[in-house]
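One structure is given below, encoded as structure tokens.
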Amino acid sequence: MTFWARRKKPVEPAIDNRVFDLLSITVTLVLLVHAPHLLWWLSIALALTLGWRWWQRRRHTGRVPAWLKIPLLALLTLAVVVSYGNIFGREPGTALAVGLLILKLLETETARDVRVGVGFACFALMSALLIDQGLVATVVVALGLLPALATLRALEPAQVPMSLPRTLLPGLVLLAAAIPMALLAFLLVPRLSEPLWGAPTPDEARIGLSDSMSPGNFTDLLIDDSPAMRVTFDGAPPPPDQRYFRAYVMWNYDGRSWRRAFVRHDEMQVPAPIEAGTTINYSVSLVPTHQRVLPALDVPLSVPAEARMQPDHEILADKPVNDPLNYTLRSALGYRLQPDLDDRARRLGLQRPIGFNPRTLTLATQWRQRFGNNDAAIVQAALSLFHDGGFRYTLAPAPLGRDAVDDFLFSTHEGFCEHYSSAFTLLMRDAGIPARVVTGYQGGYWNKFGNYLLVRNSDAHAWSEVWLAGRGWIRVDPTGAVRPERVSLGASAAAGDQLSWYRTDWLQGMRNRWDIVNRWWAQGVIGFDSLRQRGLLTPFGVRDIDTATLGVLLAIGSVLFIAIGLGWALLRKQPRDGLRTALRELERKLARAGIVRRSSEGPQHYLSRAARALPNQRDELATLMKSYLELRYANNMPAPEPLRTFQRAAREFRVTSVVK
Amino acid sequence: MRDLLQRLQTWAEHRLPALTRYRRSETLPIELHRRRIYIVPTMFGLGFSILLLVMMVGALNYSNNAALLLTCLLGAASSTSMLVGFRTLDGLRLSHIRAGHAVAGQPIELTLVFETVRARSSIRVDLDDAFTAFAIEADGTTTVKMILATTYRGWQPLPRIRLWTTWPLGLFRAWSWLYPDQSVLVWPRPESAGPPPRAPADDARHMRLYRGDELAALRDYRAGDPQRHIAWKASAHHDNLLVKDFEQPQSHPQWQLDWRQLRSMDNESRIARLARWVGEAQAQRRSYSLWLPNSEIAASSGPLHYAHCMNMLAQLP
């Protein structure tokens, strides 16, 4: 039998515990950043794996054996596939990345593994921002870079030992020093005008306004506190009861839900004519809705770029809003909308499903008989019914049956804006008045500090519009008849005690104030798109920067920063010669008295000459000379204590008499 | 891959001596400055920059400004780390090198003394096959002990020393070559076996044991010890009697080691034999004298004498 000698690769030494701890902290932060959007059981399983690995390595170093690693890997892939359907896409992709990172930790034993792990962790941290790029998330991710940098530092040999929290400090300093250059690069890196490959499609529809409405489906929305949009007005904001933001106009009712009118493409889509009274200009920054609709105050008169206005004054963007969007609009607050109703619109405005809600039809017919041609009186009668008929505003109404409006009007008597607008619109149609449902937002929080209106998803609202001869479409808010606070104070005030503990007043106040930072972040950082970038130099008279100019600016800026950096790098701390400084000071004082040191003169000669010239201070000068000579020439480095004495003596020396 | 890199390095050293190594040796102290510090990204640095590029393209593609901002931050921090790495080496001074003693074929210990004004971490030293790392405090001095392999006796010039660091993040590698104009003296290697030196017959008087003068130690009393050697005062504190023991430096006869006696051998064998004899004499604490072609070392003993003799042997032509 023969043994063959095999050349072994030199074994890399195992990393020490400090490095592993730091890497574990990094990975824990990655997991924390991703936890909000991972499935809860996956987060917990990954956290347990992480904790177990840390404990296991504490006991003895070594890789986790393959028989454990490979099943874990298979389990992870299986879990992702089962819960998300596939492994591609944003959500399953990040879940898989986080899982793989934690599995990487199981076999991390050498410096090389650690470096790969840190690079991967940086990538995973950044990928968290694809899902939430808010200020808090960004700051947390930036803080996550600290242990990552500390891990890389800890890999280097021969360092001054320091405590675990202190090891994070140099990374912070490094990041802080990098901020100016990062900002420059951020401002000047040319943005893509269109993506190189497909932008990610949202994996789950976010809660938001939808283009159909069936009573009851707003409930999720009305408890969602996240911002929907922020509005800045030119001039004073409209009063609270006029803050109606139109999103969708619903015409079609099938007995269960309201839908938008089917607009054929071959038709000329001319917005209905409007006679505008007072107008107002404002700009909106919209949080991504993944829908095409752009909410607008009351009745919009203008259209932003890359959007179209529908005949019923809905504004639809050409593409779904997947990124924060800013647009400027002009709206009418007083108006006569479509004073002459065409046949098609009248047909649409009177349409009702046959065989549903017979009692509603009966009631409306009675009203028509009672009030004759007076449409306004019928509207008033319906509002009085809501106001005095024992109706209640609640976010948790009883469920409704097949004849939903009948059940609501005649038995349950409870509901929120959707129920009221739906019932009101149907009543009007049954009485022969063209009517439609409008959904959007109403109210909002006026932020005094930032001078803007914050509209939350919970401000979602539905109201009605009726067409009255000679006056056109008028807004009627039946919810206001039941609960006037809904209109004047907002949804949370109207809901009363039905809201959770975390929406108490002072907390809400804090959140409203904090929103100004979010707005600044959303506008200044997230909303900095290629358009804003091109307008960057407008204050300097350059209206439009092209990509080449941006590149040149970036190069110039980089060179500038490199120069500053090199200046710092080449800066050398000169060992300070305290003795020389002290002697200079003495020379200055003596020079003022007329004893100037000649360039060829040594210190001994000079100070003896000074002593001769100032006989009163001869002893003092002789002592100074002697100690200077001793300090300078007796040793390589002057001893610290005598040096201080000499410095003090030189500082306190005063020329008392005038030189003869 | 590694092979290719090796060849590339050889080529670079051949073509660009100024880039890779300082051509001429210099006198100590050597202070590192910007014109002799080079810096390149490490493999990890290259990989990391590719990663940054991927993250940046991704952030741009998804027009995700938060990710772009942090990618820029990380990129700027990485480039700043290059300057930190440069500063780790810049201004470092190799003030002097002390060499130990070693015979040819055995490693010799070198002590490199570094000085600095500001504190530095994680500087690595490569000297031939030996490598180590050190940190140095502000206004401090650090000694670094290295091992250098030796082959022949005589003056051996120090090889080029490489100082390098990947501090702080391991993304960049800064290095500088030091070529100190200093040699170390390697002693001749003693032959492994051979005859003892011929003892001169008329030196029989040196054979007798006699008592030295210097007090060496105290030891227990043995029957037959002269009474006047008993340390009475010290014995008072002990159970038994203690006797002053005197050094006996000349318990062995003095050796006269002579180059001329070894006429039948070639030079190197003579040196090897003399080195062995000197070593044996030192081990036996003999007094010995050494006669060499151009010099003569008077009889003496002790480590200094030994070192002197070995130095003279090492420097023979």
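First the proteins, then the strands, lettered A, B, ... as listed; each starts at 1.
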Practice task
Please flag which part of B/Arg120 lies under 4.5 Å from any non-hydrogen atom of chain A: side chain, backbone, both or neither.
Solution key: neither
Problem - Main-chain N/O of A/Ala178 paired with B/Thr80 side-chain donor or acceptor, under 3.5 Å - result: no
Problem - Part of A/Trp568 within contact of chain B (heavy atom distance under 4.5 Å) - result: both
Problem - Those residues of residues 119-126 of chain A, ordered by number, that approach chain B below 4.5 Å (heavy atom to heavy atom) - result: A/Gly119, A/Cys122, A/Phe123, A/Met126
Problem - Structural part of B/Thr71 lying under 4.5 Å from a heavy atom of chain A - result: both
Practice task
Measure across B/Gly170 and A/Arg115 and return the closest heavy-atom pair with its distance rounded to 0.1 Å.
Solution key: CA-NH2, 4.3 Å
Problem - B/Met43 versus chain A, the contacting section by heavy-atom distance below 4.5 Å - result: neither
Exercise for the section: Give a yes or no on whether the backbone of A/Leu571 and the side-chain of B/Arg87 come within a donor-acceptor separation of less than 3.5 Å. Expected result: yes
Handout entry: Residue part contacting chain B, namely of A/Val118, when any heavy atom lies under 4.5 Å
Key = neither
Problem - Backbone of A/Gln133 reached by a side-chain donor or acceptor of B/Asn64 within 3.5 Å - result: no
Fill in the blank from the handout: The interface call for B/Val84 against chain A, heavy-atom contacts under 4.5 Å, is both
Handout entry: Heavy-atom pair of closest approach, residues A/Thr138 and B/Leu70
Key = O-CD1, 3.7 Å
Handout entry: B/Trp155 CH2: over 12 foreign heavy atoms closer than 6.0 Å
Key = yes
Practice task
Count the heavy atoms of every other residue, nucleotide or ligand shown that sit under 6.0 Å from CD of B/Glu31, and state whether that count exceeds 12.
Solution key: yes
Exercise for the section: With a 4.5 angstrom heavy-atom cut-off, could you sort out which part of B/Leu51 is near chain A: side chain, backbone, both or neither? Expected result: side chain
Handout entry: Proximity breakdown for B/Phe134 and chain A, heavy-atom pairs closer than 4.5 Å
Key = backbone
Handout entry: Donor + acceptor pair across side chains of B/Ser121, A/Glu156 (<3.5 Å)
Key = no
Handout entry: Most chain A-contacting option - heavy-atom pairs closer than 4.5 Å, from B/Ala77, B/Ser63, B/Gly47, B/Ala133
Key = B/Ala77
Problem - Inter-residue atom distance A/Leu183.CG - B/Leu73.CG, 0.5 Å rounding - result: 8.5 Å
Practice task
Please examine the side chains of B/Arg34 and A/Leu566, heavy atoms only from C-beta on, and report whether any two atoms are closer than 4.5 Å.
Solution key: no
Handout entry: Test side-chain contact (heavy atoms from CB on, under 4.5 Å) applied to B/Phe44 and A/Arg112, step by step
Key = CA-CA 9 Å; B/Phe44 173 58; A/Arg112 193 176 161 278; over 6 Å; no
Handout entry: Side chain / backbone / both / neither for A/Pro190 at chain B, heavy atoms under 4.5 Å
Key = backbone
Handout entry: Side chain, backbone, both or neither of A/Ile526 within contact of chain B (heavy atoms, under 4.5 Å)
Key = backbone
Completion exercise
Per-residue tally against chain A (heavy atom, under 4.5 Å) across B/Ser81, B/Ser79, B/Ala66, B/Gly75 peaks at B/Ala66
Completion exercise
The reported gap from CG in A/Leu152 to OG in B/Ser78 (rounded to nearest 0.5 angstrom) is 9.0 Å
Problem - Separation between CD1 of A/Ile564 and CG of B/Leu83, rounded to the nearest 0.5 Å - result: 11.5 Å
